[in-house]
Amino acid sequence: MPPEPSVAFAPGRVNLIGEHTDYNHGLALPFAIAEGVTVRASAARAGWIYAHARDLGEQDRFAIADPQPCEGWRAFVRGAVAELTGAGVTLAGARLDISGQVPSGSGLSSSAALEVALCMALIALSGGPTLERMQIARLCSRVENEWVGANTGLLDQIASLYGAADTALCIDFRTLSVQPVALALEGWRLAVLDSGERHAHASSGYNQRRAECARACELLGIGSLRDAREAQIAELPEPLRSRAAHVLAENRRVRDAVAALAARDMAALGELLNASHASLRDLYEVSTPAVEATVQRMRAVGATGARIVGGGFGGSVLGLFAPGAQPPPGAREVRPGAGAHLLGR
Ligand code: GLA
């Protein structure tokens with residue numbers, strides 16, 4: 001009997017605050033959103049994967065035993081299959097039907113949604129034991145690092161896997177602890193506005209930023225920027241000093257944001273979002289003119305706080321709006337929603 005088909009949904013994410021901290025063993029505060037990627041996996045000819053990217057109208061076909069590197073969405077599918085096999089998941093043969101609502105390159109982590117949904121659907125189809133969520137997160141991150149060529153951290157995968165309604169996740173990337181933080185908006189709204197500028201982490205300045213942080217650690221003789229002290233970083237040459245200064249301050253802002261949410265002080269949260277944006281623009285230098293114009297559109301209609309979300313170099317801007325304030329035309333409201341899960345068959 002062929003195994004029953006499986007269907008998995010994995011959400012994209014919005015990072016409330018804590019940007020470019022994950023690969024520096026720092027802190028971040030993301031939440032999963034309602035939009036995501038759905039993968040339906042059904043049994044197919046043994047030894048083969050047939051994939052259909054429904055939104056693009058494109059197909060792929062490859063042997064499980066020999067998934068060659070490839071570009072675009074196919075890299076994610078081939079990487080997921082290869083990494084799952086490497087992790088001991090026995091895949092017979094599968095037909096994968098992929099569809100989603102997170103625009104690629106919009107800073108809302110369509111990549112993680114795709115990787116996570118692929119892995120969950122394939123693991124369920126295999127009928128073998130399921131993997132721990134953190135194991136899936138790490139495996140998906142390897143897909144991105146080794147198959148897609150983006151040296152991203154674990155932020156997006158953890159947000160997609162651990163998300164829950166009305167909850168942000170305070171992640172400590174040193175210990176990989178994930179603490180739920182109540183995100184009770186009480187009439188306040190969060191909205192994202194697309195800058196229209198697309199990015200691909202593999203080809204943007206993302207990998208370069210990561211390399212700069214690694215170089216800063218090397219010069220300071222520390223394992224990660226989490227261990228850097230203000231006095232030490234003053235000794236670094238530019239632009240490494242600015243990069244490190246962003247990371248240290250951004251970790252503090254995550255702690256302050258958790259405190260602001262606990263105190264239900266949304267105005268303070270808005271100030272933190274603005275400070276994060278200024279730091280990402282001036283110290284980390286991941287903003288662009290299109291992103292700045294988008295931030296201005298958010299502020300012009302009265303956003304209490306607005307900042308670029310995700311890796312930068314394009315993508316979306318997050319805005320926080322007080323009760324009564326209207327997000328600008330084209331903005332989409334986002335709320336913290338459920339993490340990745342299997343759907344009924
Ligand atoms: C991208 C990466 C994440 C993280 C953010 C920046 O979304 O995938 O790992 O580094 O950028 O915070």
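Counting starts at 1 for both ligands and their atoms, in listed order. This is a predicted model, so every value here is computed, not measured. Just so you know, residue 1 is the first one in the sequence shown, and it goes up from there.
- At a 3.5 angstrom cut-off on N or O pairs, Thr21 does not count as close to ligand 1.
- For Tyr206, a nitrogen or oxygen atom sits less than 3.5 Å from a nitrogen or oxygen atom of ligand 1, counting backbone and side chain alike.
- Annotation for ligand 1: atoms under 4.0 Å from non-hydrogen atoms of Gly153 are 9 (O).
- At a heavy-atom distance under 4.0 Å, only side-chain atoms of Arg13, from C-beta outward, approach ligand 1.
- Note: no N/O pair closer than 3.5 Å links Leu154 and ligand 1 by distance alone.
- Between atom 5 (C) of ligand 1 and the options Leu155, Ile158, Leu108, the minimum heavy-atom separation is to Leu155.
- The side-chain tip of Arg142 does not point at the ring of Trp147 from less than 6.0 angstrom away and within 45° of straight on.
- Using a 30° and 60° split on the angle between ring planes, His20 and His246 fall in the perpendicular class, above 60°.
- One finds the CD1 atom of Ile98 at 5.0 Å from the CH2 atom of Trp73 (value rounded to the nearest 0.5 Å).
- Here the rule is side-chain contact (heavy atoms from CB on, under 4.5 Å) with Arg243, and of Arg210, Arg209, Glu238 only Arg209 fits it.
- Atoms of ligand 1 lying under 4.0 Å from at least one heavy atom of Tyr23, given by number and element, are 10 (O).
- Note: an N/O pair closer than 3.5 Å links Glu19 and ligand 1 by distance alone.
- The two residues Phe173 and Leu154 have their closest heavy-atom pair at CE2-C, 3.9 Å.
- Residue Asp22 holds the heavy atom nearest to atom 9 (O) of ligand 1 of all those in Asp22, Thr152, Val286.
- In this structure, Ser109 does not count as a contact residue of ligand 1, since none of its heavy atoms falls inside 4.0 Å of the ligand.
- Under the rule for a side-chain hydrogen bond (donor to acceptor under 3.5 Å, both in side chains), Asn251 has no partner lying at least two apart in sequence or in another chain.
- For the side-chain contact (heavy atoms from CB on, under 4.5 Å) criterion with Gln157, the lone passing option out of Arg133, Met134, Glu144 is Glu144.
- Of the polar atoms of Gly310, none of the N or O atoms is found under 3.5 Å from an N or O of ligand 1, judged by distance alone.
- For atom 8 (O) of ligand 1, the candidate residues are Val309, Asp156, Leu280; the nearest heavy-atom contact is made by Asp156.
- In this pair, Tyr206 and Tyr23 present their aromatic rings perpendicular. The plane angle is above 60°, beyond the 30 to 60° band.
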